[in-house]
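Here is how names work: the chains are called A, B, and so on, in the same order as the sequence lines, proteins then strands, and each is numbered from 1.
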Number of protein chains: 2
Amino acid sequence: MGTTQLEPVQEPKYWHLKTVLSEALDSDFAVGEILPNERELAARFGVARATLRQALEQLELEGRLQRRRGVGTTVAPPRVGVAVSTAQRDWNGEVADQAWQPVDCVTGEVPTAVRSLLGFREEPGTGPVYVIRRTRVSNGQPVAAELLYVPASSVPDLSAIDAPAGPARARSVLRELHRVNLKGQDRSVELGSARADDAKELDRLPGAPVLVVTTRYLGVAGTAAVSVATYRADTCRLTFGDSGAVEIRHERQEQRRAS
Amino acid sequence: MGTTQLEPVQEPKYWHLKTVLSEALDSDFAVGEILPNERELAARFGVARATLRQALEQLELEGRLQRRRGVGTTVAPPRVGVAVSTAQRDWNGEVADQAWQPVDCVTGEVPTAVRSLLGFREEPGTGPVYVIRRTRVSNGQPVAAELLYVPASSVPDLSAIDAPAGPARARSVLRELHRVNLKGQDRSVELGSARADDAKELDRLPGAPVLVVTTRYLGVAGTAAVSVATYRADTCRLTFGDSGAVEIRHERQEQRRAS
DNA sequence: AAGTGGTCTAGACCACTAG
DNA sequence: TAGTGGTCTAGACCACTTT
């Protein structure tokens, strides 16, 4: 129809920029390499810094980049596969490199959402609940922070209430919970943003994107415990193996170039 | 109450703003209600529009808000629980309201990442691969778009190559794939951003946050098929039930106020 | 045509890290 | 102290939906 339309559909600059940068990462950069700083990149592409940052944010969300204040922007390694086991053996065993580390154990308040998962009815008395904090490390990097809520009624044969709050008490509660046979578990995964305390544990800024894994552990008499684990969404790929771990080889090439 | 004084804290403005808005959503707004527009909200809180938008983006990421260009910002309903079944019956059955809908089926190219999951070795000939597009709907809203890669060698008894590309062919490939007994499946979940085609299917803008579920279906002779499904991260909560669906009652209150 | 959210700019200052 | 990414501003225009 006569004249040739150059760009019939206007692609946003930051989107196009993201594509260009993504291809550059594939071809010209190696994992761990430091990118030019944002001001220079913005100037190089002829856009405002805010626009450039919009593209970098996307790439960081996809796990391609890692940005650290005061340091710079580096090319991120492929995401770590983190097993979210379906079996029950995750209470103790598990791959040594990715085990949960008990951090603390107090008897504290329970969020409303968790209360209903535990089967608690209304406001009035519901008995004490152990709140265990655990962290998970992979390749030396923290990948997840967890709050595990265990009603004292789920571990009746435990006399650790008087033990000092801390990792030791956390371990004894976990051991006792492990004794009561668990019938199964329900699990859900959703996107969230890191609360201040989790962010600190994960070495990220508050609001960083996380994958929230909520697990309900079922005992003989209903829900025995509820776990809310937040995984770093930028560095983690959660794996649910019915028969081994999924291994994804990304299509990225790691080439030369040092500049 | 017109303007809310932001405390002189070290906390970033947008973060504090997000908290304030979140509490306001809990107490003063009902699901589906329309918020004041961004320019007015920004003025009301005494911040720049960009700062206000940073807070809104966070809340949208957490599934609390829904923003539509040309329309406005509304209070989002609680996330839909979408079952990512562990069993094999998801090929056909499944909850009627959340079933997959075949859209198309062509024989096309396979991304590098999927190639390695399928066990393909190097560049040269690997035989044709069916690429099936499916979508998933829940409560009338599209929640997921999937690309299912089925090597023709996985469905040898199929003579549908000559059938016209389309939903009909997709169904016959799925039926045939269902016939070969599947031994199990590996699955992984990670955060991503919607590609242009997926975004269109999901009624979102390109780059919208999605949960990417990669599934490897194992047959008697290795990987029989690979599925890459992208779920809307803002509206979906993926559930993995070992014994029924997880039901989360969010701590939000739906109160009065109509304005 | 009016009103909404989405994109983009060109600055400024702050918080953090490292030499 | 110099350099980085993180936050924030006050505008402008664009794409889209509804009236």
Side-chain angles (χ1 to χ4, degrees), chain A residues 5 7-19 21 33-61 64-76 193-194 196 199-200 203-209 234, chain B residues 6-19 21 33-61 64-76 193-194 196 199-200 203-209 234:
Chain A
Q5 205 75 340
E7 294 287 343
V9 180
Q10 170 98 346
E11 202 176 32
K13 273 190 186 177
Y14 78 92
W15 185 258
H16 181 240
L17 195 50
K18 177 201 146 191
T19 307
L21 285 170
E33 199 172 341
I34 303 178
L35 268 64
N37 70 56
E38 297 183 349
R39 290 162 180 86
E40 181 178 337
L41 277 178
R44 189 178 298 185
F45 287 102
V47 299
R49 192 178 153 219
T51 304
L52 185 269
R53 278 181 59 82
Q54 215 171 339
L56 294 185
E57 260 153 41
Q58 285 259 357
L59 290 170
E60 190 180 29
L61 201 79
R64 306 291 309 272
L65 292 178
Q66 181 158 2
R67 301 193 285 174
R68 276 176 300 174
R69 170 157 47 177
V71 179
T73 302
T74 58
V75 180
S193 49
K200 190 177 179 183
D203 193 24
R204 296 254 62 195
L205 292 177
D234 54 343
Chain B
L6 296 177
E7 301 294 328
V9 289
Q10 204 67 4
E11 207 174 26
K13 273 187 185 178
Y14 78 91
W15 184 258
H16 183 238
L17 194 51
K18 176 201 147 190
T19 307
L21 284 170
E33 199 173 340
I34 304 179
L35 267 63
N37 70 57
E38 296 183 349
R39 289 162 179 86
E40 181 179 337
L41 277 179
R44 191 179 296 187
F45 287 102
V47 300
R49 194 179 152 216
T51 305
L52 185 270
R53 278 180 60 82
Q54 216 172 339
L56 294 185
E57 260 153 41
Q58 286 260 357
L59 291 170
E60 192 181 27
L61 201 78
R64 305 291 310 272
L65 293 178
Q66 180 158 4
R67 300 193 285 173
R68 276 176 302 174
R69 169 156 49 175
V71 179
T73 302
T74 58
V75 181
S193 50
K200 191 177 180 183
D203 192 25
R204 297 253 64 194
L205 292 177
D234 54 344

| NA contact type, B:Arg68, heavy-atom cut-off 4.0 Å: base, sugar-phosphate, or nothing? |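 The answer is sugar-phosphate, as B:Arg68 gets under 4.0 Å only of primed atoms, P, OP1 or OP2.
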| task | Evaluate the criterion side-chain contact (heavy atoms from CB on, under 4.5 Å) for residue pair B:Asp234 and B:Arg204; output intermediate values, then yes/no. | result | CA-CA 10 Å; B:Asp234 54 344; B:Arg204 297 253 64 194; 3.0 Å; yes
| Which distance, rounded to the nearest 0.5 Å, do you find between the CG of B:Leu59 and the OG of A:Ser193? |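 OG of A:Ser193 is found 8.0 Å from CG of B:Leu59.
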| task | First locate atom NZ of A:Lys18, then atom CG of A:Leu61, and finally report the distance between them rounded to the nearest 0.5 Å. | result |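 Rounded to the nearest 0.5 Å, the NZ-CG separation comes out at 9.0 Å.
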| task | Take the C1' atoms of the five end pairs on each side of the helix from C:dA1-D:dT18 to C:dA18-D:dT1, derive the two axes, and give their angle rounded to 10 degrees. | result |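 Here the helix ends are tilted 10° relative to one another.
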| query | Nearest nucleotide by nearest heavy atom, which residue falls closer to the 5' end of DNA chain C, A:Pro12 or A:Gly70? | reply |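 Closest to the 5' end, via its nearest nucleotide, is A:Pro12.
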| More 5' along DNA chain C: B:Asn37 or B:Pro206, using each one's nearest nucleotide? |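 Per heavy-atom nearest nucleotide, the more 5' residue is B:Asn37.
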| said: Need two values: the first and the last nucleotide of DNA chain C, 5' to 3', having an atom under 4.0 Å from any heavy-atom of chain B. | reply: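 So the outermost contacting nucleotides come out as C:dG3 to C:dA15.
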| Which residues, if any, of residues 49-61 of chain A bring a heavy atom under 4.0 Å of DNA chain D? |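 Correct list: A:Arg49, A:Arg53.
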| said: What is the separation between atom CZ on B:Arg67 and atom C1' on D:dC16, rounded to the nearest whole Å? | reply: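 Going from CZ in B:Arg67 over to C1' in D:dC16 covers 15 Å.
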| query | Looking at residues at least two apart in the chain, or sitting in another chain, which of them share a side chain to side chain donor-acceptor pair (under 3.5 Å) with A:Glu40? | reply |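 Only A:Arg44 meet the side chain to side chain donor-acceptor pair (under 3.5 Å) criterion with A:Glu40.
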| task | Could you tell me which residues satisfy side chain to side chain donor-acceptor pair (under 3.5 Å) with A:Glu38, sequence neighbours excluded, listed by chain and number? | result |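 Scan of A:Glu38 (side chain to side chain donor-acceptor pair (under 3.5 Å), adjacent residues dropped) gives A:Arg49, A:Arg53, A:Arg67.
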Is [Y] close to [X] at the side-chain level, that is, under 4.5 Å between some pair of heavy atoms?
{"X": "A:Arg64", "Y": "A:Val75", "answer": "no"}
{"X": "A:Asn37", "Y": "A:Thr73", "answer": "no"}
{"X": "B:Glu11", "Y": "A:Pro206", "answer": "no"}
{"X": "A:Thr74", "Y": "A:Leu65", "answer": "no"}
{"X": "B:Leu21", "Y": "B:Leu56", "answer": "yes"}

| said: For A:Val71 and B:Tyr14, find the nucleotide of DNA chain D closest to each by heavy atoms; which residue's nucleotide sits nearer the 5' end? | reply: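 The residue mapped nearer the 5' terminus is A:Val71.
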| said: Could you work out, with side chain to side chain contact (heavy atoms under 4.5 Å, CB included) as the rule, every residue matching A:Pro12, not counting sequence neighbours? | reply: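 Per chain and number, A:Pro12 pairs via side chain to side chain contact (heavy atoms under 4.5 Å, CB included) with A:Tyr14, A:Trp15.
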